[in-house]
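Note sheet for the following structure.
In listed order, ligands and their atoms are each counted from 1. Computation of the quantities below employed the complete heavy-atom set of this structure, encompassing side-chain atoms and omitting hydrogens, waters and symmetry-equivalent molecules. Owing to the predicted nature of the structure, the values given are computational and were not obtained by experimental measurement.
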Amino acid sequence: MKVGSLILAPGYDVYDAHLSQEYGLGRYANVVNALQFERILSASGPTMGHVERPSDKRAPRRIAFLQCVGSRDQNHAYCSAVCCMYATKEAIIAREHDREIEPTIFFIDIRAYGKGFDAYFERARKEQA
Ligand SMILES: Cc1cc2nc3c(=O)[nH]c(=O)nc-3n(C[C@H](O)[C@H](O)[C@H](O)COP(=O)(O)OP(=O)(O)OC[C@H]3O[C@@H](n4cnc5c(N)ncnc54)[C@H](O)[C@@H]3O)c2cc1C
Ligand code: SF4
């Protein structure tokens with residue numbers, strides 16, 4: 001078959017955060033990965049958009065986002081490039097759903113690499129202050 005070009009866009013594989021045992025995914029009910037939290041924030045998700053702790057279905061007061069799990073360490077040299085921004089987005093949306101929530105993002109450095117991304121990050125920081 002003759003073609004002009006081929007575009008491969010296989011995306012990413014989700015890192016299995018069970019492998020980072022120190023953070024307790026699978027051991028503690030209230031530790032979830034980003035995709036699971038994305039579903040918790042979604043109106044079509046398991047809690048219909050109510051931000052709840054999986055353990056007791058009550059609203060969390062504080063949410064800690066742990067960045068770079070499974071990347072940028074001695075075993076994983078790469079940066080996935082998307083998680084800084086979606087963590088920022090998830091923190092903003094969590095507070096849109098419940099103003100009492102206090103999100104904290106623990107990061108090495110924030111990779112806000114696209115157009116308008118840094119302004120979005122700064123907005124999140126100001127809203128939290
Ligand atoms: C929790 C989370 C929240 C995010 N939130 C946002 C957001 O709000 N806004 C935003 O812009 N971005 C967001 N992102 C980033 C965004 O999801 C990705 O940047 C985007 O999905 C990448 O698209 P893609 O087509 O490159 O890859 P993917 O969406 O991963 O698609 C790749 C596809 O290729 C398929 N595939 C892989 N290998 C093969 C193969 N060998 N044969 C056939 N098919 C194959 C996969 O099954 C998949 O369907 C978020 C990411 C995450 C993880
Ligand atoms: S620096 Fe940000 S985008 Fe890169 S791996 Fe860490 S959390 Fe993800």
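Of the candidates Arg39, Met85, Glu38, it is Glu38 that places a heavy atom closest to atom 1 (C) of ligand 1.
One N or O on the side chain of Thr47 and one on the backbone of His50 form a donor-acceptor pair closer than 3.5 Å. Formation of a donor-acceptor pair under 3.5 Å by the Gln36 side chain with backbone atoms of Asn33 is found in this model. A donor-acceptor pair under 3.5 Å is absent between the side-chain atoms of Thr88 and the main chain of Phe121, judged by distance alone. Judged purely by atom type and a 3.5 angstrom limit, Arg95 uses its side chain to pair as donor or acceptor with the backbone of Arg99. In this structure, the side chain of Ser42 engages the main chain of Ser44 through a donor-acceptor pair within 3.5 Å.
Within a 4.0 Å radius of atom 5 (N) of ligand 1, the protein contributes at least one heavy atom. Within a 4.0 Å radius of atom 11 (O) of ligand 1, the protein contributes no heavy atom. The protein does not reach atom 40 (C) of ligand 1 closely, with no heavy atom under 4.0 angstrom from it. Within a 4.0 Å radius of atom 30 (O) of ligand 1, the protein contributes at least one heavy atom. For atom 50 (C) of ligand 1, the nearest protein heavy atom lies closer than 4.0 Å. Contact annotation for atom 34 (O) of ligand 1: protein present (non-hydrogen atoms, distance under 4.0 Å). Within a 4.0 Å radius of atom 14 (N) of ligand 1, the protein contributes no heavy atom. Within the 4.0 angstrom cut-off, atom 37 (C) of ligand 1 has one or more protein heavy-atom neighbours.
Annotation: the span from Tyr23 atom OH to Gln21 atom CD amounts to 12.5 Å, rounded to 0.5 Å. Residue Thr104 holds its OG1 atom at 9.0 Å from CZ of Phe65, rounded to the nearest 0.5 Å. Once rounded to the nearest 0.5 Å, the distance linking CD of Glu96 with CD1 of Ile101 reads 11.5 Å.
Surrounding CD of Glu100 are at most 12 heavy atoms belonging to other residues, nucleotides or ligands under 6.0 Å away. Within 6.0 Å of atom CZ in Arg58, 12 or fewer heavy atoms from other residues, nucleotides or ligands are found, so the atom counts as exposed in its surroundings.
In terms of protein heavy atoms, atom 8 (Fe) of ligand 2 is closest to Cys83 SG, 2.1 Å. In terms of protein heavy-atom proximity, atom 19 (O) of ligand 1 is nearest to Val82 CG1, 3.8 Å. Remark: minimum distance from atom 18 (C) of ligand 1 to any protein heavy atom is reached at Tyr12 CE2, 4.1 Å. In terms of protein heavy-atom proximity, atom 7 (C) of ligand 1 is closest to Lys89 NZ, 3.6 Å. Atom 4 (Fe) of ligand 2 has Cys79 SG, 2.3 Å as its closest protein atom, hydrogens excluded (heavy atom only). Looking at atom 5 (S) of ligand 2, its nearest protein heavy atom turns out to be Ser71 OG, 3.0 Å. Closest to atom 26 (O) of ligand 1, if we only count protein heavy atoms, is Gly11 CA, 4.1 Å. Atom 1 (S) of ligand 2 has Arg72 NH1, 3.1 Å as its closest protein atom, hydrogens excluded (heavy atom only). Ranking protein heavy atoms by distance to atom 2 (C) of ligand 1, first place goes to Tyr86 CD2, 3.4 Å. Protein heavy atom closest to atom 25 (O) of ligand 1, with residue, atom name and distance, is Ala9 O, 4.4 Å. Closest to atom 6 (Fe) of ligand 2 among all protein heavy atoms lies Cys68 SG, 2.3 Å.
Note on Lys89 versus Glu38: salt bridge recorded, some NZ/NE/NH1/NH2 to OD/OE distance being below 4.0 Å. For Arg123 and Asp118, the salt-bridge test fails: no basic side-chain N is under 4.0 Å from an acidic carboxylate O.
Close approach to Ser80 involves these atoms of ligand 2, each under 4.0 Å from a residue heavy atom: 4 (Fe), 5 (S), 8 (Fe). If you number the atoms of ligand 1 from 1 as listed, the ones under 4.0 Å from a heavy atom of Leu35 come out as 1 (C).
Taking backbone and side-chain atoms together, Cys84 has an N/O/S atom less than 2.8 Å away from atom 2 (Fe) of ligand 2.
Between Glu90 and ligand 1, no N or O atom pair is found at a separation short of 3.5 Å.
By the criterion of a heavy-atom distance under 4.0 Å, neither the backbone nor the side chain of Ala87 is placed next to ligand 2. At a heavy-atom cutoff of 4.0 Å, ligand 1 is contacted by both the backbone and the side chain of Pro10.
When each of Cys83, Cys79, Ser80 is checked for a side-chain contact (heavy atoms from CB on, under 4.5 Å) with Arg111, only Cys79 meets the rule.
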Set out, in order, the CA-CA distance, both residues' side-chain angles and the distance that settles side-chain contact (heavy atoms from CB on, under 4.5 Å) for Ile40 and Glu52, then state yes or no.
CA-CA 8 Å; Ile40 288 174; Glu52 299 176 354; 5.7 Å; no
Step by step, would you call Leu41 with Glu90 a side-chain contact (heavy atoms from CB on, under 4.5 Å)?
CA-CA 8 Å; Leu41 293 175; Glu90 288 182 349; 3.9 Å; yes
